[in-house]
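Following: one structure in structure tokens, then a few remarks.
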Amino acid sequence: MNIYKEIYKTIKSFDKIVIARHLGVDPDAMASSLALKQIILNTFPNKKVYAVGVPTSRFKYMGTLDKINDEIAKDALLIVLDTPDKRRVDIENIDNFKSSIKIDHHPFVEKFCDIEYFNEDASSTCEIILDMIYNTKLILDKRSAELLFQGIVSDTNRFTTINTSYKTFDLVHRLIKDTNINFTSLYDNLYMRPMSEIRLQGYISQNLIVTENGLAYIKLTNDIIKELGVDSASAGNMINNFNYIDEVIVWAFISEDVKNNIIKVTMRSRGPIINTIASKHNGGGHERASGARVTTFEEVDILLDELDNVCKEYRSVKNENN
Ligand code: AMP
């Protein structure tokens, strides 16, 4: 059976459905969860559907999340979105659900759901949800269309990432045509930021260290983060703004998070594959957009050395081919 039909049939067969996504929520994860919840309710109004996970004020404009009790799991279907590995699913008691489905666009890490659909070629989980709507009887509404648009725009960094395809444009074209959403107004919520973040961006621009191999990095200690009046997630959220710098092929922002006693590393690449390095340091992600969580600045230095080496190798292979 076609995988979308199988997912649709499974959704249809459950009265209670819980939708979860990865820790450290981003717009694709948040938008796909809230949109899928609404789309299931549009199609099956009598079902109970919950979108769960730790909320963040940053994405409040997308909608609110639900709380569930432990009782729900035993006869509910769990749908995990945008998450390739079990440890990163933002839900407790994941093993208590009666059945589970995974829908994801990350490289495969492990099987942990009964039905799994992952498509690394898709630009975003929102793109997969949209494709599924157009290939099943799921009913799209205007608000969900807006969310899906925002998720796709965000995860493709405005249609610039490598897995943005003709299919992405096809689906978005159809979405706008069918629902007539006012898509230009949707950028406001996605890209509006406080002045403190612009000051942080200026600080990063001024202090970014660039190696001769093309690695750029900045270490933001808790003191600097506090002084600039931002938080430990702020730098990571603006990493895409530092794309297209001639001298830089890989860039990493390191932010100390004293509240959680970790150091967050957010990485991007315009060439070398970096998720293999991220996975060695309690991280993972896409080939060229990855993250890691380490505990010491000594480990940060090891990680940066590995990134620098991969830049060096990449440049030497490129030079040989030219
Ligand atoms: P971010 O740096 O948060 O924009 O994340 C880039 C990609 O890496 C996303 O697909 C994340 O899900 C993934 N990612 C970020 N941090 C981690 C982590 N600690 N472990 C696994 N994947 C991660």
Side-chain angles (χ1 to χ4, degrees), residues 20-33 53-54 56 58-59 80-91 102-110 112 118-128 150-158 160-164 190-191 193 197 204 216-220 230-243 250-257 260-270 272-296 299-300 303-304 306-307:
R21 39 67 184 171
H22 61 75
L23 294 165
V25 65
D26 59 20
D28 185 36
M30 185 76 174
S32 55
S33 299
V54 175
T56 158
R58 200 177 173 87
F59 307 130
V80 175
L81 298 177
D82 203 34
T83 317
D85 45 354
K86 195 170 172 180
R87 75 185 171 99
R88 294 253 303 152
V89 184
D90 190 356
I91 195 169
K102 182 212 276 182
I103 301 174
D104 186 29
H105 75 121
H106 288 89
F108 176 78
V109 175
E110 62 177 342
F112 62 91
F118 44 91
N119 178 0
E120 226 191 297
D121 294 331
S123 69
S124 50
T125 298
C126 283
E127 177 180 319
I128 299 176
Q150 284 176 318
I152 293 170
V153 166
S154 174
D155 241 38
T156 61
N157 193 22
R158 291 175 246 183
T160 60
T161 55
I162 201 154
N163 48 1
T164 308
L190 269 182
Y191 296 112
R193 57 244 153 106
E197 292 200 359
I204 296 173
Y217 65 90
I218 182 120
K219 293 179 188 172
L220 297 163
V230 290
D231 64 52
S232 64
S234 303
N237 289 335
M238 62 178 69
I239 189 121
N240 290 331
N241 297 353
F242 287 77
N243 201 346
V250 171
W251 61 110
F253 293 173
I254 296 104
S255 309
E256 191 177 15
D257 176 356
N260 295 304
N261 206 16
I262 49 159
I263 302 167
K264 295 183 196 165
V265 186
T266 308
M267 301 160 245
R268 295 293 184 268
S269 167
R270 277 195 300 116
I273 290 170
I274 53 171
N275 61 348
T276 42
I277 295 174
S279 19
K280 283 202 269 174
H281 299 279
N282 190 27
H286 301 284
E287 286 188 344
R288 294 178 181 82
S290 321
R293 303 284 177 265
V294 301
T295 47
T296 64
E299 187 171 358
V300 168
L303 193 158
L304 289 173
E306 289 167 354
L307 289 176

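First listed ligand is number 1; within each ligand, the first listed atom is number 1. As the structure is a prediction and not an experimental result, all values here were calculated from the model.
In summary, the atoms of ligand 1 found under 4.0 Å from a heavy atom of His106, numbered by their order in the structure, are 9 (C), 10 (O), 12 (O). Close approach to His286 involves these atoms of ligand 1, each under 4.0 Å from a residue heavy atom: 10 (O).
Here atom 16 (N) of ligand 1 lies nearest to Gly291 when heavy atoms of Gly291, Ser279, Ala252, Ser290 are compared. Distances from atom 20 (N) of ligand 1 to the heavy atoms of Gly24, Gly285, Gly283 show the closest one on Gly283.
No N or O atom of Asp85 sits closer than 3.5 Å to an N or O atom of ligand 1.
Between the side chains of His105 and Asp155, at least one donor N or O lies within less than 3.5 Å of an accepting N or O.
A distance of 5.0 Å separates CD1 in Ile273 from CZ in Arg288, rounded to the nearest 0.5 Å. Considering CG of Asn261 and OG1 of Thr295, their distance stands at 8.0 Å, rounded to 0.5 Å.
Proximity of Arg87 to ligand 1, defined as any heavy-atom pair under 4.0 Å, is confined to the side chain (atoms from C-beta onward). Of the heavy atoms in Asn282, only backbone atoms (N, CA, C, O) come closer than 4.0 Å to ligand 1. Proximity of Met267 to ligand 1, defined as any heavy-atom pair under 4.0 Å, is not found for any part of the residue.
Scanning the protein for heavy atoms near atom 2 (O) of ligand 1, the closest one is Thr266 CG2, 2.9 Å. What sits closest to atom 14 (N) of ligand 1 on the protein, heavy atoms only, is Arg88 NH2, 3.4 Å. Looking from atom 1 (P) of ligand 1 to the surrounding protein, the closest heavy atom is Arg268 NH2, 3.8 Å. The shortest contact between atom 21 (C) of ligand 1 and any protein heavy atom is with Gly284 N, 3.2 Å.
The closest approach between any non-hydrogen atom of Arg21 and ligand 1 is not below 4.0 Å. Using a 4.0 Å cutoff on heavy atoms, Ala289 counts as a contact of ligand 1.
Using a 4.5 Å cut-off on side-chain heavy atoms (C-beta onward), Pro84 and Glu110 make no contact. In this structure, the side chains of Lys102 and Thr83 stay at 4.5 Å or more apart for every pair of heavy atoms.
Put simply, the side chain of Asp26 gets close to the backbone of Ala29: a donor and an acceptor are under 3.5 Å apart.
Among the candidates Asp82, Asp90, Asp104, the single residue satisfying the side chain to side chain contact (heavy atoms under 4.5 Å, CB included) test with His22 is Asp82.
Counting non-hydrogen atoms of neighbouring residues, nucleotides and ligands closer than 6.0 angstrom, the CG atom of Leu23 exceeds 12 such neighbours.
Residue Cys126 comes nearest to Ser32 through the heavy atom pair SG-N, 3.6 Å, listed as atom of the first residue, atom of the second, then distance.
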